[in-house]
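Below is one structure, written out as structure tokens; comments come after it.
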Amino acid sequence: MGRVEVEVQGTWGTLCASRWDLLDAHVLCHRLGCGFAVSVPEGGHFGRGTGPVWSDSFHCEGTESSLDQCPVTALGASRCSHENDAAVICSGPPHNASLRLVGGGSRCDGRVEIFQRGTWGRVLDDQWDMEDASVVCRQLRCGEAEAAYTVPRAKRGTGPVGLRGVRCAGHEASLSLCNTSLPEGTRIMEDVGAVCQGSRQVRLVDGAGRCAGRVEIYYRGQWGTVCDDAWDTADANVVCRQLSCGWAVEAAGSARFGKGSGHIWLDGLNCSGDETALWNCSAEAWGQHDCGHKEDAGVVCSEFMALRLENSDGCSGRLQVFYNGTWGSVCSNSMTPHTASLVCKELGCGDGGTREISIFYGRVNGTAWLDHVQCGESNSSFWQCPSDPWELQSYDDVRDETNITCNGRKPERTPVAACPNSTSCTDREKIRAVGGKDGCSGRVEVWHRGSWGTVCDDSWDMQDAEVACRQLGCGPAVSALAEAAFGEGTGPIWLEQVECRGTEPSLQACWARTGDGGACRHKEDAAVNCLAASSVTASPPQRGNISSH
């Protein structure tokens, strides 16, 4: 136990407690041979250090072998003093009868091993049950037991056997206090495992950064998704806070970050927003849902960061960062030459670049997120560079902006067949609004079987129009129109009696009858008026012209 200190280029310094958590502490304790992290005390618990307070934030999953393997950010970090030095209390080195769980997704699930006579050994049993697993979880300070299991053949241990045969009542303080004086039986004993409540985790997937993406929960040793029924900002806030990602900028539904796979663990979430973990919110029972993966929930948190150069090639132009849901510039004050190289590497635009410096005044009306970015030779990523804290500020001189030209280009993309008659096209290319002024109002037509066709207005309502407008990239629906309000179409009528819930990503994902039954005529073609929000709002950054951390 003690104050956390880290050596950087021969200089020892402390870390800030506000950027240090239990998962980071687990990695440090393991690296020092001190078991696992029991707690992370408040800043300054073990006194004030000396020397620098490093601005680094570690983002460990808890299973890394050293802090060097954890992602690190320092950009925009707030100031910190020695009064807030990070600290840790570890469980201590293994002693006789110590336990550990190996091969799982965390330190609180996996195959059971026991420390005997200076070495780790396997635990074998033929009647392993929840009472036994409860003792293991309690001894490891991992909460209640959620599952007891026999380890599959492919994951069995190969080392010495430390304990063979055990019968616990469930209240014992350690596994060694259970009845282990059992007669030799005829049944085959196998490796055993446990899943404890402390193994539960949450993560964000496929969102181009650790603080945006599809919400996934690790429960009973398996990752699964969350349904978007009733998913809102209060629910998303819990996820963001749980991941140390700030607060929710957007609560996304309809598999915005792609469809997950496997279990859908939670449905009907109703968080107050103050819960410490998503599974503490009111919800349906684990695994109980009426959803498909096209309804997987997602979130964009305020700490999601991205980077871009504004020119069309993505490798030159004004430098901007995405933070707290908006893009802002990076001011050029005190910027070091190494910064341009790191920006270009981060964007996949070569291994170097130059900063274009303007000597003439030009009036602009701009906003910037960062200033005094000072990347050094020790920084391997733009996100590790020290800078002033995040602060949205105005500037009016073009000379304050940072413009960079990289020495490389992004790889050319392989040409694809013209949409919508291509298997690589998205749902966005398979819908159009015809007869309006801006592509965001008009007769609804969808692409199917190689041709455009209309949608019948039978049961056409605002929920259907909401889906159509979203698929068009035109924001929310203003009105759902019937009786060929924008004129009669031609060709097939592909859909009739469309029944959308309003959350689907496309009309094709809604329940509907095929229009080949002849029940409708083109005088019944459906239409929409959308808000055309696509012209005034920018979607959160995706993979492509940006890089994120």
Side-chain angles (χ1 to χ4, degrees), residues 61 105 200-220 222-304 306 324-325 426-428 463 466-467 469-471 473 475-476 500-511 537 539-543 548:
E61 294 180 356
R200 295 180 187 177
Q201 304 169 59
V202 65
R203 67 183 181 186
L204 298 175
V205 180
D206 293 339
R210 71 178 190 89
C211 290
R214 181 176 62 253
V215 180
E216 294 192 350
I217 293 176
Y218 188 73
Y219 176 66
R220 292 200 172 186
Q222 298 182 65
W223 286 101
T225 63
V226 174
C227 182
D228 66 6
D229 290 349
W231 181 252
D232 60 17
T233 303
D235 308 324
N237 270 331
V238 175
V239 173
C240 293
R241 187 169 57 252
Q242 196 173 348
L243 291 171
S244 299
C245 286
W247 54 87
V249 172
E250 179 186 357
S254 302
R256 159 78 177 282
F257 296 99
K259 297 179 182 179
S261 59
H263 295 282
I264 298 175
W265 280 131
L266 292 176
D267 185 18
L269 277 159
N270 184 21
C271 303
S272 69
D274 297 325
E275 294 86 355
T276 56
L278 196 60
W279 42 84
N280 293 336
C281 301
S282 171
E284 300 291 336
W286 286 97
Q288 298 297 311
H289 63 87
D290 58 355
C291 306
H293 282 295
K294 66 183 181 181
E295 301 167 78
D296 284 343
V299 63
V300 179
C301 302
S302 61
E303 290 294 316
F304 171 62
N324 198 19
T426 65
D427 287 336
R428 173 64 189 86
Q463 287 177 299
E466 192 75 26
V467 173
C469 289
R470 186 185 308 117
Q471 188 178 354
C500 298
R501 298 167 58 191
T503 59
E504 294 86 352
S506 69
L507 283 181
Q508 291 88 337
C510 300
W511 186 93
T537 62
S539 59
Q542 302 296 316
R543 298 185 190 277
S548 56

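Since the model is a prediction, treat every value here as computed from it, not as a measurement. Position 1 is the first residue of the sequence; numbering continues from there.
In this structure a side-chain-to-backbone donor-acceptor pair under 3.5 Å is present from Tyr218 to Gly105. Between the side chain of Gln471 and the backbone N or O of Leu507 there is at least one donor-acceptor pair closer than 3.5 Å. Between the side chain of Glu504 and the backbone N or O of Gly502, at least one donor-acceptor pair lies under 3.5 Å. Remark: side-chain polar atoms of Asp232 are paired, donor with acceptor, to backbone N or O of Asp235 under 3.5 angstrom. At least one donor-acceptor pair closer than 3.5 Å links the side chain of Trp265 to the backbone N or O of Gln222. Under a 3.5 Å cut-off, the side chain of His289 and the backbone N or O of Gly268 do not form any donor-acceptor pair. With Ser302 contributing its side chain and Trp247 its backbone, the two residues share a donor-acceptor pair below 3.5 Å. Arg214 places a side-chain N or O within 3.5 Å of a backbone atom of Gly258 that can act as its donor or acceptor partner.
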Review point. Side chain to side chain contact (heavy atoms under 4.5 Å, CB included) between Val300 and Phe257: does it pass, once the steps are laid out?
Key: CA-CA 10 Å; Val300 179; Phe257 296 99; 3.8 Å; yes
Point to revise | Derivation and outcome, side chain to side chain contact (heavy atoms under 4.5 Å, CB included), residues Ile217 and Trp279 | key: CA-CA 9 Å; Ile217 293 176; Trp279 42 84; 4.0 Å; yes
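For a disulfide, the SG atoms of both cysteines must be under 2.5 angstrom apart; this fails for Cys240 and Cys211. The SG atoms of Cys245 and Cys301 do not lie less than 2.5 Å from each other.
Nearest approach of Leu278 to Gln242, heavy atoms of both residues: N-OE1, 3.1 Å. Pairing each heavy atom of Ala251 with each of Thr233, the nearest pair is CB-N, 3.9 Å. Nearest approach of Asp267 to Ala283, heavy atoms of both residues: O-CB, 3.6 Å. Shortest non-hydrogen contact noted between Leu269 and Cys281 is CD2-CB, 3.8 Å. For the residue pair Asp274 and Ser272, the shortest heavy atom distance occurs at N-OG, 3.2 Å. Here the shortest heavy-atom pairing between Ala248 and Val299 reads CB-CG2, 4.2 Å.
Distance CD/Glu275 to OG/Ser282: 9.0 Å, rounded to 0.5 Å. The distance from the CG atom of Leu204 to the CD atom of Glu216 is 9.0 Å, given to the nearest 0.5 Å.
Between Ile264 and His293 there is a side-chain heavy-atom pair separated by less than 4.5 Å. Annotation: side chain of Cys291 is in contact with side chain of Asp229 (closest heavy-atom distance under 4.5 Å). Under the 4.5 Å side-chain criterion, counting only non-hydrogen atoms from C-beta, Glu466 is in contact with Pro476. Residues Glu250 and Arg256 form a side-chain contact, since some pair of their non-hydrogen atoms from C-beta on lies under 4.5 Å apart. A 4.5 Å side-chain heavy-atom check between Arg501 and Glu295 finds at least one atom pair inside the cut-off. Counting only heavy atoms from C-beta outward, the side chains of Val226 and Trp231 approach each other to under 4.5 Å. Two residues are said to be in side-chain contact when any heavy atoms from C-beta on lie closer than 4.5 Å; Val215 and Asp296 fail this criterion. By the 4.5 Å heavy-atom criterion applied to side chains, Trp223 and Arg203 are counted as neighbours.
Side-chain N/O atoms of Glu61 and Gln201 include no donor and acceptor closer than 3.5 Å.
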